Trainee: 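Mind looking over this structure? Questions follow.
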Amino acid sequence: MGAPVRGSGLRTDRPERSRRALVAGSVGNFIEWYEFGVYGYFATVIAARFFTPEGGSEVEALVKTYASFALAFFFRPVGAALFGRLGDRVGRRPVLIMVIVLMTAATTLIGVLPTYDTVGALAPWLLTFLRVLQGLSAGGEFGGAVSVMTEFAPPGRRGLYGSWQSFTVALGLLGGAGVAALLATVLSEGQLGDWGWRLPFLLTLPMGLGALWLRLRLDETPSFESLREEPLPERPPGREVAKAIALGAGRIMGWAAAGYTFLVVLPSYLQSSLNATFQQALVATVLANLGFAATIIPAGLLSDRIGRRPVMLTGALLVTVLAVPLLNLLQNTGTSNAVKGGAVFVAGAVVGLMAGPGPAMLSEMFPTSVRYTGLGLAYALSNAVFSGCAGLIITETIKRTGSVDIPAYYAAVTCAVSVLALLTLRKEPVQGGS
């Protein structure tokens, strides 16, 4: 399903409506990835508070923490299917309002959860339940946000508009890292473990209320309004949609795996495998996310000019080739801090080459009548397997093999598979309609 069908045209709208859609679509992504970043950055603290009964090992607790992390990702496809179906039937706007309320409530509640010391074995179950709710809402977020951004985009600007989804992911991860770094600086280790880790989750409440206000002011997309005017909107065959979902997931699996490896799992890896301090790990993560943010919008804009394929292929190929050398620089005790900082910055930057054009590429694979569901499921499935399991796979494999090169191998192999899938993408840039 490479080209849109009937009911997917986009009329030019006033610039202010497009800008409003861009902001309203982006803000939910920021909150979602801020929270997922915070959970990853505080993985070792959360492991100690929720998954370490008396006598349990730190490694075992960290594996359980990442298992909860992965579980939330596996509920993303469920959320993508549930909210995507609603979004393709009743509209993008009401569903995006629903998912931001659910995400905000679940994340805020994590900040007030009792720990293992207080309620025993109930603590990890309560945390996991809230992670499931987050997974459901996150699954419904991406498809709606990207649909809104790209369906409001002016002709020939879908790559740029869609790249803002990925850019706000970077901002969310940077925001989470910044808050974590600030708390690690101003609080003692004991204060951070006792109550300081709760603050980043509680900050989601005011952010979520602001996002809700923006989405209440959002208009329905022109493409969906046009589709709703048709007496019997045309829907493509289910087999065709399923094939496009599988292909889309393959095209972005390298983005999903490398992104989480370099941008979220990195802090725990540096601490557990390379004996870095919490502050050093966070600094490295901030640099990786700065590199990621720096290339996303230029990559999206470039994809509007030369096509999605060459830009995304470049990113996937660079990760495949550079993952192991970059990680070896971090492992080498003789490498200067400046060189290590440059290595993690480059690692983030090459992922940004895939993340910039990625949302528009997925959007263009599905017609309006199934776009929310289709692109949401492709993204959610790829992230469930290759992002959500990244921390679990990497931590458990290092534990079993003793090899500290596992993160690089994981990123390189998944990006190599994405290269093959991206070769099926047509070369010419897509212009015009939605």
Side-chain angles (χ1 to χ4, degrees), residues 1-4 8-13 15 17-26 29 92 142-171 221-223 244 247-252 254-256 259 291-318 348-368 371-372 374-376 378-379 382 418-419 421-434:
M1 186 184 303
S8 62
L10 174 70
R11 68 174 185 266
T12 303
D13 286 88
R17 293 184 70 204
S18 296
R19 287 194 294 268
R20 190 185 308 158
L22 196 62
V23 174
S26 300
N29 292 300
R92 288 45 168 136
F142 181 86
V146 173
S147 294
V148 164
M149 292 175 185
T150 56
E151 289 175 2
F152 268 111
R157 306 284 277 182
R158 282 198 305 271
L160 175 62
Y161 270 58
S163 68
W164 277 88
Q165 188 279 334
S166 298
F167 185 65
T168 49
V169 168
L171 293 183
T221 72
S223 295
L247 183 58
R251 288 173 177 173
I252 66 169
W255 163 23
F292 181 54
T295 57
I296 289 171
I297 291 180
L301 182 61
L302 183 62
S303 77
D304 283 329
R305 297 175 180 271
I306 67 174
R308 320 294 178 218
R309 187 172 102 154
V311 182
M312 295 186 72
L313 269 176
T314 299
L317 285 168
L318 284 174
V350 293
V351 177
L353 295 178
M354 294 181 281
M361 181 275 296
L362 287 176
S363 180
E364 290 162 352
M365 293 180 68
F366 301 93
T368 303
R371 178 171 295 129
Y372 197 139
L375 73 90
Y379 183 80
S382 188
S418 274
V419 167
L422 285 166
L423 288 173
T424 67
L425 188 62
R426 61 184 181 182
K427 297 180 181 179
E428 69 273 12
V430 183
Q431 303 292 343
S434 176

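Note that the structure is predicted; figures quoted are calculated from it, not measured. Values below: all heavy atoms of this structure, side chains included; hydrogens, waters and symmetry mates excluded.
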Trainee: Taking side chain to side chain donor-acceptor pair (under 3.5 Å) as the test, write out the residues that go with Thr424, two or more places apart.
Mentor: Arg251
Trainee: Write down the atom of Gly356, the atom of Ala299, and the distance for their closest heavy-atom approach.
Mentor: CA-CB, 4.3 Å
Trainee: Where is the tightest heavy-atom contact between Ser166 and Trp255, given as atom of each residue plus distance?
Mentor: OG-CZ2, 3.5 Å
Trainee: For Ala170 versus Ile296, what's the shortest heavy-atom pair and its separation?
Mentor: CB-CD1, 3.9 Å
Trainee: Closer than 3.5 angstrom, by distance alone: can the side chain of Arg157 be matched with the main-chain N or O of Asp304 as a donor-acceptor pair?
Mentor: no
Trainee: May I have the step-by-step check of side chain to side chain contact (heavy atoms under 4.5 Å, CB included) for Phe292 and Val169, ending in yes or no?
Mentor: CA-CA 10 Å; Phe292 181 54; Val169 168; 4.3 Å; yes
Trainee: Between the side chain of Ser363 and the main-chain N/O of Pro359, is any donor-acceptor distance below 3.5 Å?
Mentor: no
Trainee: Of all heavy-atom pairs between Arg371 and Ser147, which one has the smallest distance, and what is that distance?
Mentor: CG-OG, 3.6 Å
Trainee: Tell me every residue that passes side-chain contact (heavy atoms from CB on, under 4.5 Å) with Thr221, counting only those two or more places apart in sequence or in another chain.
Mentor: Arg92, Val148, Glu151, Phe152, Ser223, Phe224
Trainee: Give a yes or no on whether the backbone of Leu423 and the side-chain of Arg309 come within a donor-acceptor separation of less than 3.5 Å.
Mentor: yes
Trainee: Check side-chain contact (heavy atoms from CB on, under 4.5 Å) between Leu317 and all other residues, then give those that pass, not counting sequence neighbours.
Mentor: Val419
Trainee: Could you give the distance from OG1 (Thr314) to CG (Leu302), rounded to the nearest 0.5 Å?
Mentor: 8.5 Å
Trainee: Give a yes or no on whether the backbone of Gly300 and the side-chain of Ser163 come within a donor-acceptor separation of less than 3.5 Å.
Mentor: no
Trainee: Identify the heavy atoms of Leu375 and Gly143 that sit nearest to each other, and give their distance.
Mentor: CD1-CA, 3.3 Å
Trainee: Verify side chain to side chain contact (heavy atoms under 4.5 Å, CB included) between Met149 and Asn29, making sure each step is shown before the conclusion.
Mentor: CA-CA 12 Å; Met149 292 175 185; Asn29 292 300; 3.9 Å; yes
Trainee: Does the Ser418 side chain pair with the main chain of Gly250, one donor and one acceptor, at a distance under 3.5 Å?
Mentor: yes
Trainee: For the pair Ile252 and Leu362, evaluate side chain to side chain contact (heavy atoms under 4.5 Å, CB included) and give the outcome as yes or no after the intermediate values.
Mentor: CA-CA 9 Å; Ile252 66 169; Leu362 287 176; 3.9 Å; yes
Trainee: Which atom pair, heavy atoms only, marks the closest approach of Met312 to Gly358?
Mentor: CE-CA, 3.9 Å
Trainee: If we ignore hydrogens and angles and just use 3.5 Å, is the side chain of Thr150 paired with the main-chain N or O of Gly162 as donor and acceptor?
Mentor: no
Trainee: Out of curiosity, Tyr161 OH to Ile297 CD1, how far, rounded to the nearest 0.5 Å?
Mentor: 11.5 Å
Trainee: Kindly compute the distance separating CE (Met361) from CG (Leu422), expressed to the nearest 0.5 Å.
Mentor: 6.0 Å
Trainee: Output yes when a side-chain donor or acceptor of Ser382 lies under 3.5 Å from a complementary backbone atom of Tyr379, and no otherwise.
Mentor: no
